[in-house]
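All values reported here derive from a predicted model rather than from experimental measurement. Note: hydrogens, waters and symmetry copies are ignored here, and every other heavy atom, side chains too, is used. Numbering of residues begins at 1 and proceeds along the displayed sequence.
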Amino acid sequence: MEETFAKIVKEEQIKIPTTIQLAKRVQHFSSQRSVDFIFDEESNNLLEREFPLNCRYNLKKKIAENIIILHREKYRKNDKTRLELMEVSNHGRYRNDSFYYTISKKITNKNKK
């Protein structure tokens, strides 16, 4: 079953970019990966509220996908997400080989059984 963008953000505790500079980096990010998720009205409203750039629905869906991918790619040297590395003003360029892809859901008491 596919999950919505809003649910993925909540479960994985993804921090949505709030600065214009980081928003542009997320928008221009290009990946060979793809993520299956549902971009429903709640997800659309979440991006409208939190994300600093106004854009059309199709671009918002692509930005949502980029946010998920950037959060799931972790730098091999220090386990920081690619999204965290992009926050730094001089984030530099990293080779794609320098990252591994992982889905890390935060475990809550509700998830433990």
Asker: Quick one: pull up CZ in R33 and CD1 in I68 and give me the separation to the nearest 0.5 Å.
Answerer: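 The CD1 atom of I68 is 13.5 Å from CZ of R33, to the nearest 0.5 Å.
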
Asker: Should I38 and I14 be counted in the same cluster of Ile, Leu, Val, Met, Phe, Trp and Tyr side chains packed under 4.5 Å apart?
Answerer: no

Asker: Any heavy-atom pair between the side chains of K15 and L83 that's under 4.5 Å?
Answerer: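 Side-chain contact under 4.5 Å: no.
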
Asker: Can R82 be said to sit on top of F99's aromatic six-ring, NZ or CZ under 6.0 Å from centre and within 45° of the ring axis?
Answerer: yes

Asker: Let me know which of E2, E3, H71 forms a side chain to side chain contact (heavy atoms under 4.5 Å, CB included) with I8.
Answerer: E3

Asker: If you define the side chain from C-beta out and look only at heavy atoms, does anything of L53 sit under 4.5 Å from I20?
Answerer: yes

Asker: Is it true that I69 and Y100 fall in one hydrophobic cluster, defined by side-chain heavy atoms closer than 4.5 Å?
Answerer: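 Different hydrophobic clusters.
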
Asker: With a sphere of 6.0 Å drawn around CZ of R56, does it hold more than 12 non-hydrogen atoms of other residues, nucleotides or ligands?
Answerer: no

Asker: Is a side-chain N or O of S98 found less than 3.5 angstrom from the main chain of Y75, in a donor-acceptor match?
Answerer: no

Asker: Any side-chain heavy atom of E73 sitting closer than 4.5 Å to one from Y101?
Answerer: yes

Asker: Is K7 paired with E42 through a side-chain N to carboxylate O contact shorter than 4.0 Å?
Answerer: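 So E42 does not pair with K7 through a salt bridge.
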
Asker: Could you grab the distance from atom CD1 of I63 to atom NE2 of H28, nearest 0.5 Å is fine?
Answerer: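 I63 CD1 to H28 NE2: 9.0 Å, rounded to 0.5 Å.
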
Asker: Are F5 and K60 packed together at the side-chain level, in the sense that at least one heavy-atom pair is separated by less than 4.5 angstrom?
Answerer: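 A side-chain contact under 4.5 Å is absent here.
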
Asker: Can you tell me how far CE of M86 sits from OG1 of T81, rounded to the nearest 0.5 angstrom?
Answerer: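 Here the rounded value is 10.0 Å.
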
Asker: Take atom CG in N54; do more than 12 heavy atoms of anything else shown fall under 6.0 Å from it?
Answerer: no

Asker: Would you say the side-chain atoms of R25 pair up with the backbone N or O of E87, donor to acceptor, closer than 3.5 Å?
Answerer: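 Judged by distance alone, no pair lies under 3.5 Å.
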
Asker: Please examine the side chains of L22 and F51, heavy atoms only from C-beta on, and report whether any two atoms are closer than 4.5 Å.
Answerer: no

Asker: Do R72 and V35 have side chains that get closer than 4.5 Å, going by heavy atoms?
Answerer: yes

Asker: Does any part of the side chain of L70, heavy atoms only, come nearer than 4.5 Å to the side chain of L85, both counted from C-beta?
Answerer: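 A side-chain contact is absent here, since even the closest heavy-atom pair is not under 4.5 Å.
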
Asker: So, taking the atom named CD in E65 and the one named CZ in F29, what distance separates them when rounded to the nearest 0.5 Å?
Answerer: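 E65 CD to F29 CZ: 10.0 Å, rounded to 0.5 Å.
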
Asker: For the pair N66 and Q27, evaluate side-chain contact (heavy atoms from CB on, under 4.5 Å) and give the outcome as yes or no after the intermediate values.
Answerer: CA-CA 7 Å; N66 284 352; Q27 179 183 353; 6.0 Å; no

Asker: Which distance, rounded to the nearest 0.5 Å, do you find between the OG of S34 and the NZ of K62?
Answerer: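 Reported value, rounded in 0.5 Å steps: 7.0 Å.
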
Asker: So which atom in P17 and which in P52 form the shortest heavy-atom distance, rounded to 0.1 Å?
Answerer: O-CD, 3.3 Å

Asker: Indicate yes or no: at least one non-hydrogen side-chain atom of I67 is less than 4.5 angstrom from one of E50.
Answerer: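 They are not in side-chain contact.
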
